[in-house]
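As structure tokens, the structure follows; a few thoughts come after it.
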Number of protein chains: 2
Amino acid sequence: MPNNPHINSCTVSYDTLNCFNKLTDEELLYMEKNRLEINYKEDETICKQGTFASHIIYICKGLVKIYVEDDAGSLILKILPKGNLIGLSALYDGNNIFPYSATAYQDTKARLIDIHVFRKLLKSNAEFASEIINVMCENSIQTFGRFFSLTQKQSYGKLADIILCLSDRIFKKNEFDLDLTRKELAELTGMSTERVIRMLKKFKDDKLIAINKKTFKILDEEKLQHISQYG
Amino acid sequence: MPNNPHINSCTVSYDTLNCFNKLTDEELLYMEKNRLEINYKEDETICKQGTFASHIIYICKGLVKIYVEDDAGSLILKILPKGNLIGLSALYDGNNIFPYSATAYQDTKARLIDIHVFRKLLKSNAEFASEIINVMCENSIQTFGRFFSLTQKQSYGKLADIILCLSDRIFKKNEFDLDLTRKELAELTGMSTERVIRMLKKFKDDKLIAINKKTFKILDEEKLQHISQYG
DNA sequence: AAAAAAAAATGACTTGGGTCATGATTTTTT
DNA sequence: AAAAAATCATGACCCAAGTCATTTTTTTTT
């Protein structure tokens, strides 16, 4: 994985807005004319697994959870900050169905681009399509990382992983206000809430992190990296 | 997930050879001139995680295991029969590195397409790029399914899942010669070999499957489906 | 500011599935 | 066809992580 010494479950950093630079003025105008801008409140559903994907969704602001559900359980595939697209997986011909649900962790602003328009642009502008392929590559590599992390690492490794991910990729600081509950953090690591609480205490006792109310601070990034990799 | 009542870890069915129909004669010729045909023996490495991806690999014949490795362990991302492409994830600009390894489960014949040629075709032919996007969509949905299966289902569900996958998608019959060892089957389900052996016995005792040497036969597909979904 | 509700914490107990040891088969090598 | 090496199979034991019950703290509502 690029720039990363080991496999982790980080989200992507790429801002997909760049893709749209490849469109001609005419195409941009065409797209602009066929898009909506929508605001979602915290916990609101942005798209629902199994429903018809009428739009590709660009996240302008906020933080979104992408997950799949079934009788067997529920799995968070990724969390996406602004600059990402939701629904690319629904693009393929003959499908048009969201393979996952998305809900807003925070108040979120999104642009909805008509999927037919999007597909038309792909079919007419190879440069644009190439950029979307880039994005999809990054997405898939990121999914592999999270897949690996959740299936191969032990609990401490998974937790260290997600904390580093939040710090490095989502909030981009060592100290950040985590407005996720312990329960949400547990969901994100695929573990029970109690387990996460106990581990956070351990990390605190070991001076790897400091927690003050909702404020997380990473004290020993190196050690966390090590735990993420070997623990 | 299309045509599927519940999430599973099946491989894709799409034959990517279709993509190349979108190329002009000239482009096809250009590609043909820049490809190699290589045979791999069982267990041979086709590509290695972390190495430079000089080619996109089309599987003409055989069966391939795609996996990632790290200090923390090893994870099979997917198994690919003929008609699939290896290395699409390495396409994105600035990367060019295989994010996974591939080895042949059986003797395999592959066509290696120069990655620069491939990328050039993507940038010049939007129809072709669109088809590749289709393939990538299917791939990502399939990965989500396997991700879900391995993280959310219990052992019997995972095993039922993989047996159905082999039957429905790989061998396309109810009865097939499985030239995978119990150990490989265990790897594929992310469990210990002993666990798999015990579960197979249970499935046999319960008359869900019959095993004669290497020949597997599915006796009660419906029940297996049920176990895959709820078990 | 009091009451209600939600979230965080902690201890006790359970369990799914891994590990290890050993023996029986099957496959491969010589 | 005998020997060696894998693989398959089974029992005994263990442990990481889940579940459940209860208490404390924080947040939200009235």
Side-chain angles (χ1 to χ4, degrees), chain A residues 9 41-43 65 72-76 105-107 149-163 177-206 209-217 227-228 230-231, chain B residues 9 41-43 72-76 105-107 149-163 177-206 209-216 227-228 230-231:
Chain A
S9 64
K41 292 227 175 305
E42 198 179 325
D43 286 330
K65 151 175 98 166
S74 160
L75 166 70
I76 299 181
Y105 267 135
Q106 307 168 345
D107 290 358
S149 182
L150 291 201
T151 54
Q152 305 298 311
K153 295 183 182 182
Q154 302 198 219
S155 57
Y156 285 101
K158 284 192 260 191
L159 183 61
D161 221 38
I162 213 72
I163 291 174
D177 275 329
L178 184 68
D179 43 6
L180 301 175
T181 63
R182 301 288 189 264
K183 184 157 163 272
E184 286 169 322
L185 209 52
E187 254 190 10
L188 218 43
T189 49
M191 295 183 287
S192 71
T193 310
E194 293 93 327
R195 190 93 252 276
V196 168
I197 289 169
R198 277 175 241 263
M199 287 192 295
L200 284 175
K201 184 170 192 297
K202 184 74 168 37
F203 279 178
K204 242 169 85 176
D205 289 350
D206 293 353
I209 57 171
I211 309 174
N212 197 304
K213 298 258 176 127
K214 291 276 175 191
T215 306
F216 271 61
K217 188 173 182 179
I227 290 170
S228 160
Y230 301 100
Chain B
S9 63
K41 292 229 175 305
E42 198 179 325
D43 286 332
S74 160
L75 165 70
I76 298 181
Y105 267 135
Q106 309 169 343
D107 290 359
S149 182
L150 290 202
T151 54
Q152 305 298 309
K153 294 182 183 183
Q154 308 212 155
S155 57
Y156 285 101
K158 284 192 259 190
L159 183 62
D161 219 40
I162 213 74
I163 291 174
D177 274 330
L178 184 69
D179 45 5
L180 300 175
T181 63
R182 302 289 190 265
K183 185 159 162 268
E184 286 169 322
L185 209 52
E187 254 190 11
L188 219 43
T189 48
M191 295 182 288
S192 70
T193 310
E194 293 93 328
R195 190 95 252 277
V196 168
I197 289 170
R198 277 175 241 263
M199 288 192 295
L200 284 175
K201 184 169 192 297
K202 184 75 168 39
F203 280 177
K204 242 170 86 176
D205 289 349
D206 293 352
I209 57 172
I211 310 174
N212 195 304
K213 297 258 176 126
K214 289 276 175 191
T215 306
F216 271 61
I227 291 171
S228 160
Y230 301 100

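To find a chain, count down the sequence lines: A is the first, B the second, and so on, and within it residues start at 1.
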Please report the distance, rounded to the nearest Å, between CD1 in I211(A) and C1' in dT25(D). 15 Å
Whole Å only: how far is the NZ atom of K183(B) from the P atom of dG18(C)? 15 Å
Out of dG17(C), dA17(D), dT10(C), minimum distance to the side chain of I197(A) belongs to dT10(C)
May I have the distance from Q152(B) (atom CD) to dG16(C) (atom C1'), rounded to whole angstrom? 15 Å
Looking only at non-hydrogen atoms, find the nearest pair between I76(A) and E187(A) and report the distance. CD1-OE1, 3.5 Å
Scanning all shown strands, the Watson-Crick or wobble mate of dT30(D) with both distances under 3.5 Å is dA1(C)
L178(A) CG - dA7(C) P separation (whole Å): 14 Å
Between dA17(D), dG18(C), dT19(D), which one does the side chain of Q154(A) approach most closely? dA17(D)
Go nucleotide by nucleotide along DNA chain D from the 5' end; which of K201(B) and K158(A) gets its closest nucleotide reached first? K201(B)
Tell me the partner of dA9(D), counting only Watson-Crick (N1-N3 plus N6-O4 or O6-N4) or G-U wobble (N1-O2 and O6-N3) with both under 3.5 Å; none if nothing fits. dT22(C)
Does dA7(C) have OP1 or OP2 sitting under 4.0 Å from an N or O in the side chain of R182(A)? no
Centre of Y156(A)'s six-membered ring, under 6.0 Å away, within 45 degrees of the axis: is that where NZ or CZ of R195(A) sits? yes
Measure from NZ on K153(B) to P on dG17(C) and round the result to the nearest Å. 14 Å
Verify the contact: side-chain N or O of S155(B) to OP1 or OP2 of dG17(C), cut-off strictly under 4.0 Å; return yes or no. yes
Any side-chain N or O of K214(A) less than 4.0 Å from the OP1 or OP2 oxygen of dA8(C)? yes
Once you round it to whole Å, what is the distance between P of dT25(D) and CG of N212(A)? 16 Å
How long is the span from the CD1 atom in I211(B) to the NZ atom in K214(B), to the nearest 0.5 Å? 10.5 Å
Sub-4.5 Å side-chain heavy-atom contact between F216(A) and L180(A): no
For atom CZ of R195(A) and atom P of dG11(C), their distance in whole Å: 14 Å
So, E184(A) and K65(A), do they make that salt bridge, N to O below 4.0 Å? no
Nearest-angstrom distance from the residue atom CG of L185(B) to C1' of dC8(D): 13 Å
From the candidates dT7(D), dT19(D), dG18(C), the one with an atom nearest any side-chain atom of E194(A) is dT19(D)
Of the nucleotides dT19(D), dA17(D), dT10(D), which one has an atom closest to the side chain of R198(B)? dT10(D)
